[in-house]
Amino acid sequence: LKKNDHIIIIIPGVPHPSSGGSEGLFQKDRDPSSLHYRPIHSLPDVCPKEPTGEAARGLCEGPSVVADQHRWTVYNSKVNLPAALNDPRLAKRESDFFTKTWGLDFAETEVTPSFYLPNITKEHFGPYLQETAQREKIHERCKNICSNKDELDAVSSITNNHDKSRTELEQVPKIFMKPDFALDDPTTFNAVLPWSHFNSAGGKSSRDMASSRLLQEKLSHYLDVVEVSIARQISLRSEAFFHAMSSQHELQDRLTETARAVAVLRGRTAAIERIMCEGPLRALRQALTRSNCARLHNKLKLMAAVHQSQPTVQLLLSTSEFVGALELIATTKEVLQLELQGIHSFRHLGSQLCEMEKLIDKMMVEDFSMYSRSDLSRSLEDDGQVMEKDRLESLVFGLLRQRKLDFLDIYSDEMILAAKSIVTQSVFDSVSQIEEIDTDIVTKLADQMRLMTFPQWFELLKSVFENFILFLKRIKATLSVVRNVVLEALDSNQKSRLLERAAAVGLTEAPGTPLNQEEAELAYLTHEGLFISDALNDALSRMDGCGSDSASGTTESSSSREHVNTTESSEDMMPSDLELGRVANNIQELLYTASDVSHDRCVKVLMARAKDGSLERLSSAEFVFLSQAVEGFVRDTEKLCCRRSVSLRGALQSQANRFVHRFHEERKTKLSLLLDNERWKQAEVPAEFQDLVNSIADGRITLPERKPQGTEERKPSDYLHIDGQKYAVVGTVLLLIRIFLEYCQCVNDIPSISTDMLTRLSDLLKHFNSRSCQLVLGAGALQVVGLKTITTKNLALASRCLQLVVHYIPVIRAHFETKLTPKQYSVLRHFDHITKDYNDHITEISTKLMAIMDSLFEKVLSKYEVKAPMPSACFRNVCKQMAKMHEALYELLPEEQTQMLFLRINASFKMHLKKQLARLGVHHDGGPQHGLVTVDVAFYTENVQSLRALEKLDLNMAEIWEQKR
């Protein structure tokens, strides 16, 4: 037998195909003596010689059983791929075995060749083929030498013996062939030994003895058949048994040699380990143990610091350091989660810290509420500095950190309560100084304010305004501190994001150095502690010991990661930029709310006074003072809070409307009384009214200041001189001028009521026009005043008064136009309508004067007769009446109007004279009657032109004659 030869065992009892026949043709075995067996080969050598060449390199590249005993290798593989794919439990083979877990690209991805397996080529089988080539030739030669006949005979002999042994074995009952045959089973025992044949009642008989002997012989026969079959089988396989035994001995010898070689190898390995490895490995272990001890010491110190966190938090809370306490709790929770996770003694610390954090939230809210209450309720006379600014900043930052963004609502509620208390305290202080008000009887603040006189109440209102200005300044200063904290938090968030991006860029540009495989394996094998990752890091540090730069870069990277993690955790705690922006907007809105609340409380004070109509009964000067005070307060709050609150202005406007209504009704009633008592006679003009119209002419549309008593008194004049014209007026018109100046003065003082005041003034002027028309043209003065008749002088005086009012309407219009906005100019059209109504009224008076003379001419000329003496009595009467008319009008009306009026009177006279002459049949023929008429006309012309301002009047008396056709 040669080394590496294989053993071929042929089992005689198993059919096998012949080498020369067709596949599937089997023949019986031949006689064992005629079988030809091949030479017995020994088993392969368990410990072959060390290979050389490429085979040696291929084996060396594979995993080592000794060196890689603690690492996973291909020798640990237990499942092959066909077994995984051909799972008998699946009804259908999975077509997506590779892609269902690793994705659709897995099947198409090129598999990277494993560096653990060498690339096998045909050259690797060259030495094996060369070694087995000689044996293959011998094998082929032996196959050709063996004859087919001998093989067939051998097969036939084996088949015959097999059939014979099978026939004999079939005689043995099947029960003896069962695998579970056991005589201790009662059923099997009774089937093999039927004891029922031997247990007769009469004892043992000869029949029983015969049956027992027969059974014994039968069993002996069965035993012989089996033994013979076994012997035959053993004889057929004796050579194979002997060969196996010899191979077993040889295998034992080789195993003995192998064990001896392994013992020697282990001895050498132990010596190498003792001499070359134990010292360095001990040094590595000790260094690692020292590092682990240092880490453990740091962990213990960290645990001690964490253990002291609760007392420290309580100490910080006792000094109201909420931000420091929250920072400590956050840091402790982070340490528990990252460094001390799984520590049994700290298993409840996390929940305790969460409860403390909730408690701190409640404490901060309560403390902020107390701070707001104390800050807003302290005396307004204190300085404008923010109370305990550091405490406020700490509270606001802590509330922002805990995302308690509704803390401004607390401040708003306290602000409303403080505003109410400001009004209450101001009223209390004012009432306490007034002895007339008994606070025990009158308990309500509104009732107490209504019992005050206007000066007392006005001083109270100014005090309230001053207190609210101080109140708003304090609120603005406090909210400025809060806004600064919010802006600092917003700026901190932005800086944190910049640092995070910078750290991310640094980590991307300086990635970690890849770990050497051998060093990592060595660290894994020699590490005995719990921190295996630390051992790998130490191995990395030892590998890069010569390059300190890379080590420092790794340290900086780790510290950068820690800083980024800390920044991220802090940023997660703080609100986002959007939320902080909303808080900043809410702060500004809160300042607006403070302004609105202050205005609302002032409105309460104003309405409490106005409830019984006290403000409506104010004089214009008092209401002006009130309006100026309110406007000043509104301007101050608008400048302070950048908010235009409308509630106080609206309340003032409402009171102003009521004031305007009362103001107008009083003046309208006064004017009505004056008109009803007016006798329509020319009044003297006091010097103060002349000064009044002079100031109007100078552009001062205001009431003049009252001069102190004792000044030199000037005599009144008969006329009112305006722009070179004389106006004969009645006393009502003089007062009307002063009244509309009061309207203008009120508009100057209260610009917000301009449109309403303009409407009321228009109504007043319309009322004067209509009432004067009723009294004069309508002859209402006859019943109201008791005049006997409405004379031409009354009519002329009324006309002149109307002309005076028309003169001042453009002045009033221009004044109101300066107080109105361009959108309000449409209300100025009222003055156009009023001017038209006044001019129409003046025209009607002129018409009335014409009507008087016209009726006179018609009455007198109807009796005219052309006869001597001349001038006739009719013309004498006409000239007398015209002289009276001129005398009544000349001192009242201007010359131009007088001339125009007499031209119209002359035209009327000529018309009636012409009709009478035509009726009398007097013609322009130079006859006697014509001469008489000419004398009368000359007398009429001479008398009319002798009147003042009518000298140059062209009477054109030729029109009395009818033109000849």
Side-chain angles (χ1 to χ4, degrees), residues 680 773 776-779 789-800 802-803 839-867 870-924 929-964:
W680 297 101
C773 180
V776 179
L777 284 179
T789 182
I790 301 299
T791 64
T792 56
K793 195 170 186 178
N794 298 139
L795 293 173
L797 196 57
S799 175
R800 195 56 174 162
L802 293 174
Q803 292 174 9
N839 289 328
D840 292 342
H841 190 186
I842 295 171
T843 303
E844 289 178 3
I845 293 176
S846 299
T847 305
K848 182 65 174 177
L849 293 174
M850 273 291 306
I852 293 173
M853 296 305 295
D854 186 73
S855 61
L856 176 66
F857 293 150
E858 183 178 3
K859 180 180 179 182
V860 173
L861 292 178
S862 62
K863 300 177 181 179
Y864 175 64
E865 294 180 355
V866 183
K867 61 181 181 179
M870 292 296 165
S872 64
C874 178
F875 269 75
R876 290 178 182 275
N877 189 15
V878 168
C879 291
K880 181 180 178 181
Q881 294 298 329
M882 290 189 70
K884 289 183 179 180
M885 172 72 72
H886 180 268
E887 183 181 359
L889 299 180
Y890 179 76
E891 298 295 335
L892 301 178
L893 299 179
E895 291 184 2
E896 296 81 3
Q897 187 177 358
T898 303
Q899 292 174 359
M900 293 300 298
L901 180 61
F902 272 89
L903 281 176
R904 294 176 62 188
I905 292 173
N906 181 59
S908 176
F909 172 76
K910 290 189 293 185
M911 180 187 69
H912 287 286
L913 180 59
K914 184 176 180 180
K915 289 181 180 179
Q916 184 64 18
L917 293 176
R919 186 172 62 84
L920 295 175
V922 178
H923 301 286
H924 188 272
Q929 290 185 337
H930 175 260
L932 294 175
V933 172
T934 303
V935 173
D936 284 338
V937 169
F939 176 75
Y940 167 78
T941 302
E942 182 181 358
N943 277 276
V944 170
Q945 290 182 345
S946 65
L947 299 177
R948 285 180 297 179
L950 301 181
E951 295 85 356
K952 298 180 180 180
L953 191 65
D954 186 8
L955 300 180
N956 195 12
M957 296 304 293
E959 292 180 356
I960 63 175
W961 307 107
E962 290 186 0
Q963 300 294 330
K964 294 182 178 181

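Since this is a predicted model, take the numbers as computed values, not measurements.
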Do L795 and L777 pass the side-chain contact (heavy atoms from CB on, under 4.5 Å) test, and can you show the C-alpha distance, the side-chain angles, and the key distance before you say yes or no?
-> CA-CA 8 Å; L795 293 173; L777 284 179; 3.9 Å; yes

List the steps and the verdict of side-chain contact (heavy atoms from CB on, under 4.5 Å) for I960 and V937.
-> CA-CA 10 Å; I960 63 175; V937 169; 3.6 Å; yes

Give the C-alpha distance, both sets of side-chain angles, the deciding distance and a yes or no for side-chain contact (heavy atoms from CB on, under 4.5 Å) between N943 and M882.
-> CA-CA 9 Å; N943 277 276; M882 290 189 70; over 6 Å; no

side-chain contact (heavy atoms from CB on, under 4.5 Å) between V922 and W961: does it pass, once the steps are laid out?
-> CA-CA 9 Å; V922 178; W961 307 107; 3.9 Å; yes

Stepwise ring-ring contact (aromatic ring centres under 6.0 Å, His included) test for F909 and F875 | CA-CA 11 Å; F909 172 76; F875 269 75; 5.7 Å; yes

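Screening residues 929-940 for side-chain hydrogen bond (donor to acceptor under 3.5 Å, both in side chains), with sequence neighbours left out, gives Y864-D936, S872-D936, N906-Y940, H924-H930. Sorted by first then second residue, the salt bridge (Lys or Arg N to Asp or Glu O under 4.0 Å) pairs that include residues 841-861, not counting sequence neighbours, number zero.
For N956, the side-chain hydrogen bond (donor to acceptor under 3.5 Å, both in side chains) partners are E959, not counting sequence neighbours. For L932, the side-chain contact (heavy atoms from CB on, under 4.5 Å) partners at least two apart in sequence or on another chain are V866, M870. With sequence neighbours excluded, the residues forming a side-chain contact (heavy atoms from CB on, under 4.5 Å) with K884 are K880, Q881, listed by chain and number. K867 is linked by a salt bridge (Lys or Arg N to Asp or Glu O under 4.0 Å) to E865, counting only residues two or more places apart in sequence or in another chain. With sequence neighbours excluded, no residue satisfies side-chain contact (heavy atoms from CB on, under 4.5 Å) with E942. Residues passing the side-chain hydrogen bond (donor to acceptor under 3.5 Å, both in side chains) test with N877, sequence neighbours excluded: none. In this view, S855 satisfies the side-chain contact (heavy atoms from CB on, under 4.5 Å) rule with no residue, not counting sequence neighbours. Among residues two or more places apart in sequence or in another chain, the side-chain hydrogen bond (donor to acceptor under 3.5 Å, both in side chains) test is passed with K793 by none. Under the side-chain hydrogen bond (donor to acceptor under 3.5 Å, both in side chains) criterion, T898 pairs with no residue, sequence neighbours left out.
The structure places CG of N839 at 9.0 Å from CD of Q803, a figure rounded to the nearest 0.5 Å. How far CG of D954 is from CE of M957: 11.0 Å, rounded to the nearest 0.5 Å. The distance from the CE atom of M850 to the OG1 atom of T843 is 13.0 Å, given to the nearest 0.5 Å. To the nearest 0.5 Å, the span separating CG on L901 from OG1 on T847 amounts to 9.5 Å. Rounded to the nearest 0.5 angstrom, S862 OG and K915 NZ are separated by 12.0 Å.
With contacts defined as side-chain heavy-atom distances shorter than 4.5 Å, the pair K863/C874 does not qualify. Between L947 and L953 the shortest side-chain heavy-atom distance does not fall below 4.5 Å.
Of all heavy-atom pairs between Q897 and S846, the closest is NE2-OG, 4.0 Å. The shortest non-hydrogen separation linking A949 to Q899 is O-NE2, 2.8 Å.
At least one donor-acceptor pair under 3.5 Å links the side chain of K910 to the backbone N or O of L955.
A side-chain donor from one of T791 and N794 sits under 3.5 Å from a side-chain acceptor of the other.
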Solution key, residues 885-893 side-chain donor-acceptor pairs under 3.5 Å, sequence neighbours excluded:
from: H886; atom 1: NE2; to: R948; atom 2: O; distance (Å): 2.6
from: E891; atom 1: OE1; to: Y719; atom 2: OH; distance (Å): 3.0

